[in-house]
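Every value quoted in this text rests on a predicted model; they were computed, and no experiment measured them.
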There are 2 protein chains.
Amino acid sequence: MMRLPPLNALKAFEAAARHGGFVGASEELHVTRGAISRHVKLLEDHLGVQLFVRQAQGVRLTPAGTAFLPVVSEAFGMIGRAAEAVSSDASELRILCPPGTSIRWLLPKLEDFRQAHPDLNVRLITDFYPDSGFDAIDVDVGFSVSNWPKRKPDLEVQTLFPILLTPACAPDYLRGKALKAPEALTACELLHETRSHGDWKAWIDAFDPAGVVSTAGQEFPNIDIATKAAVMGVGVVMADLVLCRDELETGVLVAPFSDMVCKSPDGDICLIGGRDKWQTPKVEAFRLWAYGVAEADRAAVDKFVNANLQADREQSFNS
Amino acid sequence: MMRLPPLNALKAFEAAARHGGFVGASEELHVTRGAISRHVKLLEDHLGVQLFVRQAQGVRLTPAGTAFLPVVSEAFGMIGRAAEAVSSDASELRILCPPGTSIRWLLPKLEDFRQAHPDLNVRLITDFYPDSGFDAIDVDVGFSVSNWPKRKPDLEVQTLFPILLTPACAPDYLRGKALKAPEALTACELLHETRSHGDWKAWIDAFDPAGVVSTAGQEFPNIDIATKAAVMGVGVVMADLVLCRDELETGVLVAPFSDMVCKSPDGDICLIGGRDKWQTPKVEAFRLWAYGVAEADRAAVDKFVNANLQADREQSFNS
DNA sequence: TCCATGGCTCATTTTTTCTGACCCTATGAG
DNA sequence: CTCATAGGGTCAGAAAAAATGAGCCATGGA
């Protein structure tokens, strides 16, 4: 196979042909006419063919040039488009995140990430699993335990924070009832996400309050609405210490059994991503940021749990 | 549209990917490994994507690289093939020439041209007209008068030499008959090319010898065989002063009516070519050479005609 | 453990490319 | 007819890009 012609000369040729003259080409390529002239001559020498007919008012393609141009144009077009695709692919970060975590945790913080990486085109897909395969997303901010088949490609996993659960309700709601022991929940509205009653079930399984059944209560389309309902005094939600941190810290929600904290059956919230994309700059940047952001949540969770174990211990000591 | 990536870096990338390592690429491109390394890095920076995973025993393409490579390869392939085509087209000279002129005039001289232009790939197409259009040939060494449609593209024409006709036969054949006057040809075998009896007809029309009909005589597949038959003493051929110059000058053929010379109905032998290719180096080179070679034939024809007009005049004077 | 392979880096050439000033030619207006 | 303009060609010198080559580092197999 013939050695490729000088590629930069080809670029000059293509531009000159497109503009019908060396002046136009020189402006497009930000060089002088002389440079274009030399490039074209070099190419002509290489091919052994005259590509242009030089005339007073510009240049015209020779038959050889006419045959050559469309191929070169098309080839450059292909390369340009492919480069664009590869490049924009590199600048697009597709994040998958389940609705609850998305609305209550990721979304509010994401603007900060966007501003820290204005070159990245962030796309949040709020769902439990992606429509197409795992290839279509760069990273999943999701549950460590799940039943959708993420395992196709080799996956990397990095834990952000644990999902710790305890019942929570509005202070007013609490005032109406005497929630000293978990058995008192039988008299309460349990607030659920439509999808599952798994969180309540896990907590009930862990602390076994007599007479409390996880299937009782009201349902809401997602945990955010359920939490807001709890704030409005509708009932008791199974609060995620991280997702409801704000409400618990500001006191719009209180945890009547704050020493009774259990892990979610969904496991932890993790970053999960294909090994092939794990080290790419965009994913790496996101991982670094997310882990940093989650630091505060991990600390808050630890503090909550420690404080209440302490309280528990003191309480035990006093009684 | 995105600006094209640095093309030489692309070349390095493509070679490296093909060889699965920078060493292979560096050998192919005759540069050091460092150079390839820099090129690839430049490209990666430009695209903002890692193209290779560096490993101890070479490199492996990343998903981005895998997507990018085939496009680049294909684009380079296109360019390479097109360059090859344009280039070889420039070095291939396709000459069309009718059989008689081809065998008796062009072909014996063509080796000289080939040696003068060893870079040119000369292709002689021996036929009256080309299979496909005039575009498929670069130049026609043919008749100025013909009925095949050469006129499609704008044509340039350059006369090489006239086609002048006079009967000729072997000296022995002459000895057997008394060919004083053209009417004596009634007793001779007229030798024709199968294709046409046009040359004899033209001569008979011009000099009007009583009783001689152009349709009489024997036929041969081409004028070369007919001429050779004449040399062997089979009959009288209508000799072209140029094509039969050798035979006439060496005396293996003699012209009994050498003062009776007429023009062929086919006109002159000319170079005929499309205007678009007329000035190309290969055609220009051939034209120059052909016109130079034909010089000797023009001179010989002039000499023959003048000498015989002279003889004619002297004969008239003597009688 | 050591060595071979293969990639990375960087200061120093070497090569390529670009510039900028000038020349030439054709065209079209005055 | 003359001049101005547009467009291309050329060249020496300057600037930029690329290549070198010598040393470094990591890995994987003998």
Rounded interatomic separation in angstrom, taking [atom1] from [X] and [atom2] from [N]:
X	N	atom1	atom2	value
B:Leu7	D:dA18	CG	P	11 Å
B:Leu51	C:dC8	CG	C1'	17 Å
A:Leu61	D:dG8	CG	C1'	16 Å
A:Glu44	D:dG8	CD	C1'	12 Å
B:Lys11	D:dA18	NZ	P	11 Å
B:Glu27	C:dG7	CD	C1'	14 Å
A:Leu42	C:dT15	CG	P	16 Å
A:Leu10	C:dT17	CG	P	12 Å

Listed pairs under 3.5 Å, donor-acceptor, residues 116-123 of chain A side chains, sequence neighbours left out:
| from | atom 1 | to | atom 2 | distance (Å) |
| --- | --- | --- | --- | --- |
| A:Arg123 | NH1 | A:Glu92 | OE2 | 3.4 |

Polar atom pairs between nucleotides 10-14 of chain D and protein, under 3.5 Å, N or O only, would you list them?
| from | atom 1 | to | atom 2 | distance (Å) |
| --- | --- | --- | --- | --- |
| D:dT10 | OP2 | A:Lys41 | NZ | 3.0 |

With the side chain defined as heavy atoms from C-beta on, A:Thr32 is closest, among C:dC8, D:dA18, C:dC18, to C:dC18

Close side-chain approach of B:Ile79 to A:Pro5, heavy-atom, < 4.5 Å: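 Side chain of B:Ile79 against side chain of A:Pro5, heavy atoms only: contact under 4.5 Å found.
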
Do B:Ile36 and B:Leu29 come within less than 4.5 Å of each other through their side chains, counting heavy atoms only?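 Touching, per the 4.5 Å side-chain cut-off.
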
Strictly below 4.0 Å, heavy-atom distances to any atom of DNA chain C: list the hits from residues 15-23 of chain A, or just say none. none

For D:dA26 and B:Arg54 - does any side-chain N or O of the residue sit under 4.0 Å from the phosphate oxygens OP1/OP2? no

For D:dA17 and B:His39 - does any side-chain N or O of the residue sit under 4.0 Å from the phosphate oxygens OP1/OP2? no

Along DNA chain D (nearest heavy atom to each residue), the more 5'-positioned of A:Asn8 and A:Val59: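 Closer to the 5' end of DNA chain D: A:Val59.
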
